[in-house]
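Data first, discussion second: the structure below is written as structure tokens.
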Amino acid sequence: RGNIYIKNQMKSKKGQEDVATWKESDLYSLATNKDYALIYAIPKEIEDIITRKEYAEKLYRVFDKERIKKEVKEYFEKQDRKALQEKWNNIPDDLSPEETKKKKQEIQAEHKKMKNTKEWQKERQEDIQTRIDKKKEKTINNYLKTFKKKDDPYEPLKKKVPKEKVKKMYASFLSSEDKQVNPKSLILKSRSVFKKGSPSEDDFTAGQEKPLQVAGISHLMKSYRYYPEEETGAHLLGFVDHNNGKKEGKYGLEGFFNKELTGEKGSVTYGKGATKDIMIVNDREYVKPKDGSDLLLTINGSIQFATCN
């Protein structure tokens with residue numbers, strides 16, 4: 001699917017500029033495509049109980065540990081705000097605005113003083129760790145439940161995972177006590193992972209190397225529509241919807257120029273033999289796929305960003 005670009009600043013003294021003179025370095029992408037991974041398990045390849053536990057622990061460390069720590073932290077921060085608000089709600093209604101404000105400040109100061117005591121902090125850390133442990137146990141058990149599905153060839157684990165996270169996962173599985181694998185030394189392809197000669201080797205061709213294997217764990221790269229500025233300009237851009245594997249622009253520029261941005265799929269005509277094997281015949285027909293067109297917007301990017309933010 002084609003990209004949607006914007007130029008951050010208009011520099012023409014006349015207030016206009018010829019789009020044909022724009023350089024790629026002058027453009028900033030508002031809508032583009034980005035590859036993410038679907039991580040899935042192959043339970044029939046993970047039969048050993050010890051291996052299942054090791055896998056579950058590694059997946060937890062890569063995908064869930066930091067997320068759970070953040071969720072627990074936010075939970076207790078919310079509880080603290082709630083407790084403070086409840087104390088404020090008990091302030092008598094017959095006080096003057098000035099007295100109410102002063103009372104709130106006194107309560108807030110006492111609340112802060114209490115949180116700075118060693119006893120309170122020790123108890124809070126214990127509560128945090130207890131909640132983290134419970135969430136970890138539940139997450140690990142969910143992974144183990146998935147791995148126990150005998151003869152199952154496919155079970156999705158994580159969707160829309162960034163490449164960096166996928167590399168970190170494979171590095172964890174491929175590392176051992178004797179040798180650690182650097183995530184930066186790995187290259188991802190559609191369904192495979194490869195190790196390049198050195199982290200600085202940019203022109204590596206994965207097809208020349210043997211793919212690395214992790215029994216029972218694999219991935220599939222998929223292209224998604226990506227908006228670098230998230231909601232900035234959303235009213236103008238619209239979005240791309242995924243229906244039955246088909247990407248279709250909805251609303252805004254994505255919808256209005258859907259046909260131009262989408263491009264055309266390629267095709268090849270072939271026959272099948274008696275054993276249903278594919279046979280490429282002499283009069284085969286091949287239609288080359290056509291990339292979608294890019295859109296160059298002439299709106300002032302600086303004004304757009306300032307307005308949305």
Side-chain angles (χ1 to χ4, degrees), residues 1-5 27-42 54-74 132 135-136 139-140 142-143 146-147 154-175 180-196 198-207 209 211-234 237-242 245-247 249 254 261 291-292 294:
R1 191 175 181 87
N3 300 317
I4 299 179
Y5 293 108
L27 304 177
Y28 182 80
S29 179
L30 287 181
T32 186
N33 307 299
K34 189 173 182 179
D35 288 339
Y36 291 91
L38 166 67
I39 306 295
Y40 64 92
I42 310 170
E54 290 176 351
Y55 275 29
E57 185 68 36
K58 288 180 178 180
L59 288 171
Y60 170 79
R61 288 201 297 266
V62 173
F63 294 113
D64 308 294
K65 185 177 180 180
E66 293 303 317
R67 173 184 58 82
I68 286 177
K69 284 177 64 177
K70 183 180 178 182
E71 288 176 355
V72 171
K73 180 183 177 182
E74 291 175 348
I132 287 176
K135 283 182 171 289
K136 177 182 178 180
T139 303
I140 294 288
N142 286 336
Y143 285 131
T146 298
F147 297 153
Y154 172 82
E155 280 294 329
L157 296 174
K158 301 290 180 181
K159 297 180 180 179
K160 207 174 181 182
V161 182
K163 285 184 176 181
E164 294 73 20
K165 207 77 168 179
V166 183
K167 291 181 181 180
K168 187 177 179 181
M169 179 197 73
Y170 278 118
S172 176
F173 277 101
L174 295 167
S175 294
Q180 293 295 313
V181 176
N182 188 338
K184 293 182 179 180
S185 70
L186 301 177
I187 291 180
L188 297 175
K189 293 298 178 180
S190 179
R191 293 176 180 268
S192 306
V193 58
F194 302 84
K195 193 174 188 301
K196 56 184 176 180
S198 66
S200 62
E201 194 174 324
D202 297 327
D203 57 347
F204 174 80
T205 303
E209 299 289 335
L212 302 171
Q213 299 290 335
V214 175
I217 299 292
S218 192
H219 75 280
L220 173 64
M221 299 304 299
K222 289 186 176 182
S223 178
Y224 289 84
R225 200 60 165 165
Y226 175 63
Y227 302 96
E229 293 299 323
E230 298 181 346
E231 295 182 0
T232 299
L237 297 172
F239 63 93
V240 174
D241 193 19
H242 296 255
K246 183 181 179 182
K247 300 175 184 178
E254 295 277 25
L261 287 165
D291 291 336
D294 293 334

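The residues of the chain are indexed from 1 along the displayed sequence.
Considering OG of S185 and NZ of K167, their distance stands at 9.0 Å, rounded to 0.5 Å. How far NZ of K70 is from CD of E66: 10.5 Å, rounded to the nearest 0.5 Å. Distance check: I39 CD1 to L157 CG gives 8.0 Å after rounding to the nearest 0.5 Å. A distance of 12.5 Å separates CG of L261 from NZ of K247, quoted to the nearest 0.5 Å.
Not a single donor-acceptor pair under 3.5 Å links the side chain of S172 to the backbone N or O of K168. Remark: the backbone N or O of Y5 is not paired with any side-chain donor or acceptor of N3 at under 3.5 angstrom. Remark: the backbone N or O of M221 is not paired with any side-chain donor or acceptor of S190 at under 3.5 angstrom.
Two residues are said to be in side-chain contact when any heavy atoms from C-beta on lie closer than 4.5 Å; I68 and V72 meet this criterion. Counting heavy atoms from C-beta on, the side chains of P228 and Y28 come closer than 4.5 Å. With contacts defined as side-chain heavy-atom distances shorter than 4.5 Å, the pair F173/L59 qualifies. Looking at E254 and I4, their side chains come closer than 4.5 Å, going by heavy atoms from C-beta outward.
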Do K58 and E54 pass the salt bridge (Lys or Arg N to Asp or Glu O under 4.0 Å) test, and can you show the C-alpha distance, the side-chain angles, and the key distance before you say yes or no? CA-CA 6 Å; K58 288 180 178 180; E54 290 176 351; 5.5 Å; no
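I217 and Y170 get closest at one heavy-atom pair: O-OH, 4.3 Å. Nearest heavy-atom pair across V193 and H219 is N-CE1, 4.2 Å.
Between K136 and E57 there is a salt bridge, with a side-chain nitrogen of the basic residue lying less than 4.0 Å from a carboxylate oxygen of the acidic one.
For K65, the NZ atom is loosely surrounded, since the number of other residues' heavy atoms within 6.0 Å does not exceed 12.
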